[in-house]
**Q** 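Quick one: structure below, then a few questions.
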Amino acid sequence: MTCPFRDLWPLRGGGEITRLGDVDALDLARWQFAVTTLYHFIFVPITIGLSALVAVLQTVWLRTGKSEYLRATKFFGKLFLINFAMGVVTGIVQEFQFGMNWSNYSRFVGDIFGAPLAIEGLLAFFLESTFLGLWMFGWERLPRRVHLACIWLVAIGTQLSAYFILAANAWMQHPVGYRINAERGRAELTDFVAVLTNSTALVAYAHTFMACFVTAGAFMLAVAGWHLRRRNQPEVFRPALRLAGWVVLVAGLGVVVTGDLQARVMTDQQPMKMAAAEALYSTTDGASFSLFTVGSLDGHEELFSIRVPKLLSLMATTSPDGRVEGVDNLQAAYAAQLGPGDYRPLIPVTYWSFRLMIGFGVLAMLVAALTLWHARRERPRLARWVWPAAIWAVALPLLANSTGWIFTEMGRQPWTVFGVLKTADSVSPEVGVADVALSLGVFTVLYGILAVIELLLMVRYVRAGAPEEEQRPAEDGVDRPLAFAY
Amino acid sequence: MQLTTVWFGLIAILWCGYFLLEGFDFGVGVLLPVIGRTERQRRVLINTIGPVWDGNEVWLVVAGGATFAAFPEWYATLFSGFYLPLLLILLALIVRGVAFEYRGKVDSAAWRRRWDIGIFVGSAVPAFLWGVAFGNIVRGVRLDADHEYVGSFVDLLNPYALLGGITTLALFTLHGAVFLALKTDGEVRARAGALAVRLGLAALLVAGGFLSWTQWMRTDLTGAVLSAAAAASLAGGVGAAKLRREGWAFVGTAAAIVLATVALFATLFPEVLPSTVAAANSLTVHNASATPYTLKIMTWVAAFCTPVVLAYQGWTYWVFRRRLRVEDIPQAAAEPAGGQTEAAVRQPGL
């Protein structure tokens, strides 16, 4: 009798089984990366945006002395902490995962990719975590201005972190400042400044920065809307709603502008991704943009679509008659240049993720505009659906963020490092399918459980409303219990 | 000195910082059910590390990132080879981090008890597995000619590495007890102090055994001297705990952890992951390293950032230097404060 586990987890090691039926370790490692990264990126933009918004609320309190801003600071601060914890613990997985599931990738790019990761930790994570601890436990302990500086430093830390990790990702989209060392079989850094000032990194950072504020703004809008609908604590939630609504609108505009810049950079650097975004098969001058299409899934046949003439060319090249290269033409060109192979991403995925990203984002802005307009003077007939719309709109930026990342990463396939290293060559060669399946399974289950818990806590703390605060003279020297103690 | 040597040293320092700092917060987590007899005592325990545990964990993140940047081959082989132990460590760290933040957020004994289990397991598992991992690194593992790990999970559970795990678990638990005696007052302080003495003798025994085995296996003069110094510091720390000199006890356990970690790295050098298959297959600071250019940039970054980080982390400890007493813990912070929709059910103070 043979024990199935003995084959899957060989006790003696070596010759790992990396394929079992139709499933191989590569597929599972890709799924794990998708699951853990998208999950991590639910919390990250809220952390980035909300840290700054809480800092703004606290600054306003300190400058005006109005207690409703202190109450708002503490209320949104609690929600921020609930969210932050999840962002932190799911972040460590990201760093370890490169080595665990993608060791060939790590070997190949470590000389370049490791540096921004290490600097992110040294410069950003230390700053965030240390000053967040000081902020949480420093209420009543630190002088007020110093305490305020702590939350601002947290906000700055999150920005630094975003920049370095996006610079690392941008290098995968558009590798610069490197050479290939054939003898060592790896890419080597030749110009670090080029990596940090990669045009792809700059536009991606700008786009993500704006998206984070849309996300956090929509979060705050939903929470404030929930209370205003019930006429709860309007003195706290009316100013919060106004702040949040304007943040969504202004940052939303920023997302559009930076997204437009990014599209042009992408057309230039990864033309296949742009072609795949529109499922444009043949090179076209003055290409139209379809809002949606009903057709065969491989996209070669189209049954019905709504199109905006020349919009794709305008997005890709700034000229309505500009030329956008098609998937088939690019495939032929790559095959001629790099040898036989399939250089196309999964077109239905790129096509729909691109549209959904834009659609969710625009919808979030519309809801914010509507809510702001409604909040100025409530119209009883509209209230029945404006408030629910504002509350449920919390999901829209999250969905836009996820579809945006799905588009960016799936649109780069079959490459991990565009034009340099393929995904299939990046996976850990000695990690068996059983190991990856196990880790994918436990992460999915654990993340699922934690999502439920986090959601329940959020709802509970949102419903509780803002705490009552007595106004105290600053630094009266009285010993008080820890305000935000665990 | 070569930059590869510098970075080997810096990574050793990062692990020292990690074990020194996260060591005591692991210890506090392990001791939570032992020393925290009442709910408010347990909250005193957790709040002693409340402002700092997350910053302490960043030392691990930076150690990982620095290994990736400075020794990509080491990072790639180690992380893919030690797959299941690292998976367990990740799961433990996730549960533990969330538990700290969420345990006090709902006022229910059952809720808190579940998270307390999370804190205990989430602290004990990594405290043990880091020792197992380092035991295997020093002992060497099966690496093929491509420097790929070809051993199995079971190979990692050899007696020497398991003793390493028991050593780190014992050291960190002791370190946590000493930390608690230093940072609290009243009943918790007395209980932690008494426990530190008993734990100290056990830790001295296993750590002494592990470090001797290490030197018997891979004799290295520097490593031997450092190991002896680690044992002496540990003995000194335990002695100070016995005399209720809590500050000196902490200095003693802290020095012991740092010296023992440095001893392991010194014994390892210039290898970073020896192969038990053939010496030529071993990963060393030379064949695992990044380019001199990358190392140079990273050196500048580390030279500028590290002092600043040390300064503000040190300042955090200064801000929260006071001993924590049961009276510092707000009575019913468990429930969301204020609000109009849910009247918080306030428990009488324990």
Side-chain angles (χ1 to χ4, degrees), chain A residues 9-14 81-82 85-86 88-89 92-93 95-96 99-100 103 106-107 110-111 114-115 117-119 121-123 125-126 129-130 132-134 136-138 141-142 188-189 192 232 428-431 435 439 442 446 450 453 457 460-461 463-468 481-482 485-486, chain B residues 43 46-47 50-52 54-55 58 61-62 64-66 68-69 72-73 75-76 79-80 83 86-87 90-91 93-94 97-98 100-102 104-105 142 148-155 290-291 293-294 297-298 301 305 309 312-313 316 319-320 328-330 333 336-342:
Chain A
W9 276 293
L11 290 178
R12 292 308 313 154
L81 292 174
I82 293 172
M86 290 288 279
V88 166
V89 296
I92 309 176
V93 177
E95 190 199 48
F96 279 37
M100 291 168 74
S103 71
S106 304
R107 258 176 239 287
D111 195 56
L117 244 62
I119 297 173
L122 204 54
L123 215 59
F125 291 157
F126 270 131
S129 58
T130 310
L132 189 67
L134 279 159
M136 275 169 80
F137 287 81
R141 290 275 155 105
L142 290 168
E188 295 183 343
L189 187 61
F192 191 53
N232 237 357
S428 299
E430 289 294 337
V431 173
D435 285 344
S439 94
V442 291
L446 180 64
L450 290 180
I453 294 170
L457 273 183
R460 191 182 179 94
Y461 275 77
R463 289 165 66 104
E468 301 298 332
L482 293 162
Y486 281 139
Chain B
R43 289 185 61 199
I46 294 168
N47 280 295
V52 294
D54 188 14
V58 175
V61 177
V62 177
F68 196 171
E73 294 269 343
Y75 170 80
F79 280 61
S80 59
Y83 198 90
L86 286 175
L87 178 62
L90 283 176
L91 298 174
L93 292 180
I94 290 172
V98 173
F100 286 137
E101 194 58 53
Y102 289 0
K105 294 268 187 296
R142 294 176 59 205
E148 290 284 357
Y149 177 70
V150 290
S152 70
F153 176 53
V154 179
D155 289 345
T291 55
Y293 176 68
T294 297
I297 289 168
M298 294 299 299
V301 173
C305 293
V309 170
Y312 63 65
Q313 279 213 336
T316 308
V319 169
F320 301 108
D328 294 317
I329 303 299
Q340 300 164 358
T341 47
E342 259 185 358

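Within every chain, numbering begins at 1; the chains are lettered A, B, ... in the order of the sequence lines, protein sequences first and strands thereafter. This is a predicted model, so every value here is computed, not measured.
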**Q** Nearest heavy-atom pair of A:M100 and B:F79: which atoms, and what distance?
**A**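 Of all heavy-atom pairs spanning A:M100 and B:F79, the closest is CG-O, 3.2 Å.
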**Q** Is it the side chain or the backbone of A:V93 that comes within 4.5 Å of chain B heavy atoms, both, or neither?
**A**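 For A:V93, the contact with chain B is made by backbone and side chain together.
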**Q** For B:V58 and A:S129, work out which heavy atoms get closest and say how close.
**A**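 Answer, listing the atom of B:V58 first, then A:S129: CG2-OG, 3.3 Å.
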**Q** Report which part of A:L450 has an atom under 4.5 Å of a heavy atom belonging to chain B: side chain, backbone, both, or neither.
**A** side chain
**Q** Just by distance, with hydrogens left out, do A:S439 and B:Y83 show a side-chain donor and acceptor under 3.5 Å apart?
**A** yes
**Q** Which bit of B:L87 is near chain A, if near means a heavy-atom gap under 4.5 Å: side chain, backbone, both or neither?
**A**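 For B:L87, backbone and side chain are both near chain A.
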**Q** Can you tell me how far apart CD1 (A:I453) and NZ (B:K105) are? Round to the nearest 0.5 Å.
**A** 13.5 Å
**Q** Let me know if B:V319 has heavy atoms under 4.5 Å from chain A in its side chain, its backbone, both or neither.
**A** side chain
**Q** For chain B, find which of A:L189, A:V442, A:L446, A:L117 contributes the most heavy-atom pairs closer than 4.5 angstrom.
**A** A:L189
**Q** Between A:I82 and B:Y102, what is the shortest heavy-atom contact and its length?
**A** O-OH, 2.7 Å
**Q** Among A:A85, A:S103, A:G121, who wins on heavy-atom pairs under 4.5 Å with chain B?
**A**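 When all of A:A85, A:S103, A:G121 are compared, A:S103 has the most.
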**Q** Compare every heavy atom of A:M136 with every heavy atom of B:E101, then report the nearest pair and how far apart it is.
**A**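 Distance-wise, the nearest heavy atoms are OE1-CE, 3.9 Å.
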**Q** If you compare all heavy atoms of B:A66 against all heavy atoms of A:A118, which two are closest, and at what distance to 0.1 Å?
**A**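 Closest pair (atom of B:A66, atom of A:A118, distance): N-CB, 3.8 Å.
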**Q** Determine whether a donor-acceptor pair (N or O, by modelled atom type, separation under 3.5 Å) exists between the side chain of A:E430 and the backbone of B:S80.
**A**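 Such a contact is absent between A:E430 side chain and B:S80 backbone.
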**Q** Most heavy-atom pairs under 4.5 angstrom with chain A, which of B:I46, B:L86, B:L93, B:V309?
**A** B:V309
**Q** For B:F100, which atoms come within 4.5 Å of any heavy atom of chain A: side chain, backbone, both, or neither?
**A** both
**Q** Chain B heavy atoms under 4.5 Å from A:L457: which part of the residue, side chain, backbone, both or neither?
**A** side chain
**Q** Given side chain to side chain contact (heavy atoms under 4.5 Å, CB included), test B:T294 with A:F192 step by step and report yes or no.
**A** CA-CA 8 Å; B:T294 297; A:F192 191 53; over 6 Å; no
**Q** Of the non-hydrogen atoms in B:Y75 and A:F96, which two are nearest, and what is the gap between them?
**A** OH-O, 3.9 Å
**Q** Between A:L132, A:L123, A:T130, which shows the greatest number of heavy-atom pairs under 4.5 Å with chain B?
**A**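 If we count pairs closer than 4.5 Å to chain B, A:T130 comes out on top.
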**Q** In terms of heavy-atom pairs under 4.5 Å with chain A, which of B:P72, B:G55, B:A76, B:P51 leads?
**A**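 Looking at each of B:P72, B:G55, B:A76, B:P51 in turn, B:P51 comes out on top.
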